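Working notes, beginning with the structure itself.
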Amino acid sequence: MSHILATYARFPVTLVRGEGTRVWDDGGKEYLDFCSGIAVNTLGHSPKCLVDAITRQAATLIHCCNLYGIPQQEDLARVIVEDHVRIPGKVFFSNSGAESNDGLIKSARRFGHARPQPNGSPRYEILSFSQSFHGRTLGGISATGQDKVKEGFEPLPTGFRHLPFNDLAALEAAIAPETVAILLEPVQGEGGVIPATPEFLRGAKALCEKHDLLLLLDEVQVGFGRCGDTMAWREIAPEVEPDGISWAKGMGGGFPIGSFWLSDRTVDGGKTALSSLMGPGSHGTTYGGSPLACAASLAVLKEVLSDGIQQNVTERARQIRDTIAAWDHPLVTEVRGLGLLIGIGLDVSKMNIPEGKLPSIHLSALLLEAGLLAPPAGPHTLRLLPPLNVTETEVAQALELVRTSLDQCLSSPANPAGGVRG
Ligand SMILES: *Cc1c(COP(=O)(O)O)cnc(C)c1O
């Protein structure tokens with residue numbers, strides 16, 4: 001009997017070792033890992049630069065808490081602001097994506113107090129979107145646009161409204177006197193790999209300027225190179241300047257760390273910086289930004305900036321898209337996403353699914369048998385999230401497993417896609 005709270009329906013595999021894009025289970029079976037711990041293992045498993053950074057820092061100072069100076073935080077914050085975001089601002093270090101979003105939500109509330117409604121009461125409402133995912137804290141599930149994460153936890157914190165994604169007219173119509181911010185994922189990850197359109201991102205920014213709202217980007221899954229550019233929003237609409245950004249997942253390459261950034265732009269015609277609204281005592285964390293976590297993240301974020309990584313993301317993404325397009329497979333409705341966050345849309349009407357199973361989970365289970373880790377993204381989408389340094393050969397091997405497993409799912413196996421295989 002397990003003593004672990006059963007919040008996860010896990011796949012029946014236990015992983016015990018990893019190296020690069022490969023992992024091994026407790027029976028010695030090898031897998032290609034295109035899950036990467038859900039977009040976490042940015043550089044694959046146990047890359048030398050990360051192991052060295054962790055080893056060195058662990059032998060020097062692991063934790064000291066935020067009551068004292070932490071030089072690794074200063075170094076990491078400088079790299080994030082100057083090299084990755086490239087807009088003046090300040091960062092706060094947390095331990096997870098949900099925590100980072102909670103920080104953004106609190107920052108929006110502060111802004112709503114500093115810039116209240118005409119009647120003097122604070123603004124507080126955050127507009128977010130259907131199918132979004134923002135984490136599992138009370139703040140995170142309130143912001144999330146999926147009912148399944150909220151069931152049984154009501155009453156939830158108020159002050160959130162969910163609108164159709166990529167619908168600028170609906171967004172504009174929803175803005176009320178109490179509205180203070182717009183929160184969105186540049187590419188919705190858990191919700192099915194759905195990128196924001198450039199028009200939507202630009203339009204949301206224009207509405208923020210017109211109505212004095214904050215544009216908050218949840219880059220927890222997509223940030224730090226996953227989508228090609230180090231910031232996913234810049235891959236979609238580079239001229240858009242956000243007011244706040246949250247990250248976690250890929251940021252530590254497997255070591256738990258999250259962060260949020262607030263812009264230094266002024267919010268009252270020249271006196272107060274947005275980032276200064278979160279002053280002493282406004283927020284905190286015991287673990288966040290430990291010397292060890294920051295040293296790990298520094299090693300990863302420096303590597304992510306190298307030309308080799310960014311070029312590989314672009315080339316491998318093209319390889320994946322071209323290969324899947326060439327199959328012309330009857331189960332594939334479309335390939336969505338950005339960079340190496342890829343969603344393969346499934347035509348579930350043509351799939352042979354065991355009673356009571358979700359199509360994407362069934363396909364993930366078949367792939368696992370075949371030797372590939374690839375998670376679902378909602379019921380109708382298979383997600384590919386290889387490490388950013390995945391090789392051409394590994395991509396080709398993984399895609400061959402995807403094609404075979406798709407064939408296995410076809411309801412009429414007499415006519416598999418791609419015809420005879422050479
Ligand atoms: C995973 C995820 C979160 C939550 O991150 P945790 O580290 O699990 O708390 C929040 N937002 C997005 C977009 C995510 O993909």
Side-chain angles (χ1 to χ4, degrees), residues 5 7-8 10 35-42 92-108 126-146 148-150 153 157 160 162 165-166 181-196 201 215-227 231-233 235-236 242 244-261 285 287-290 293 296-297 300 336-343 360 374-378 381 383-385:
L5 208 57
T7 59
Y8 279 94
R10 296 170 196 264
C35 175
S36 300
I38 317 187
V40 166
N41 300 303
T42 307
F92 177 94
F93 292 109
S94 69
N95 309 284
S96 70
E99 270 180 66
S100 301
N101 285 330
D102 277 354
L104 283 186
I105 293 165
K106 282 180 69 178
S107 304
I126 297 177
L127 301 177
S128 70
F129 298 93
S130 308
Q131 297 310 119
S132 62
F133 182 76
H134 299 295
R136 297 289 194 153
T137 56
L138 284 176
I141 63 176
S142 302
T144 292
Q146 303 187 42
K148 67 175 188 211
V149 307
K150 311 186 191 202
F153 298 115
F160 296 89
H162 301 95
F165 195 49
N166 281 330
I182 297 170
L183 171 65
L184 64 91
E185 296 159 86
V187 184
Q188 290 190 333
E190 301 304 312
V193 190
I194 302 163
L201 210 48
L215 180 62
L216 306 178
L217 301 182
D218 179 343
E219 293 233 0
V220 168
Q221 185 157 160
V222 298
F224 295 124
R226 172 62 48 193
C227 292
M231 297 287 101
W233 103 79
E235 201 54 70
I236 299 171
I245 313 172
S246 55
W247 304 279
K249 290 199 166 90
M251 176 175 178
F255 199 95
I257 182 169
S259 172
F260 71 91
W261 166 94
T285 164
Y287 279 142
S290 74
S297 184
V300 173
R336 296 185 298 269
L338 208 55
L340 289 178
L341 166 54
I342 293 202
S360 58
T381 305
R383 196 164 20 159
L384 300 180
L385 295 158

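Not measured: the values here are computed from a predicted model. Indexing begins at 1, ligand by ligand and atom by atom, following the structure's order.
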Are there any protein N or O atoms under 3.5 Å from the N or O atoms of ligand 1? List them with distances, or say none.
from: ligand 1; atom 1: 7 (O); to: Gly97; atom 2: N; distance (Å): 2.8
from: ligand 1; atom 1: 9 (O); to: Gly97; atom 2: N; distance (Å): 3.4
from: ligand 1; atom 1: 9 (O); to: Ala98; atom 2: N; distance (Å): 2.8
from: ligand 1; atom 1: 11 (N); to: Phe133; atom 2: O; distance (Å): 3.2
from: ligand 1; atom 1: 11 (N); to: Asp218; atom 2: OD1; distance (Å): 3.4
from: ligand 1; atom 1: 11 (N); to: Asp218; atom 2: OD2; distance (Å): 2.7
from: ligand 1; atom 1: 15 (O); to: Gln221; atom 2: NE2; distance (Å): 2.8
from: ligand 1; atom 1: 15 (O); to: Lys249; atom 2: NZ; distance (Å): 2.7

Ser130 versus His162, side-chain donor and acceptor atoms under 3.5 Å: no

Side-chain touch Val149/Phe133, heavy atoms, less than 4.5 angstrom: yes

Short side-chain donor-acceptor distance under 3.5 Å, Thr381 and Ser360: no

Side-chain (Thr285) to main-chain (Ser94) donor-acceptor, under 3.5 angstrom: no

Validation row: Glu190, Gln221 side chains within 4.5 angstrom (heavy atoms): yes

His134 side chain reached by Leu104 side chain, heavy atoms, under 4.5 Å: no

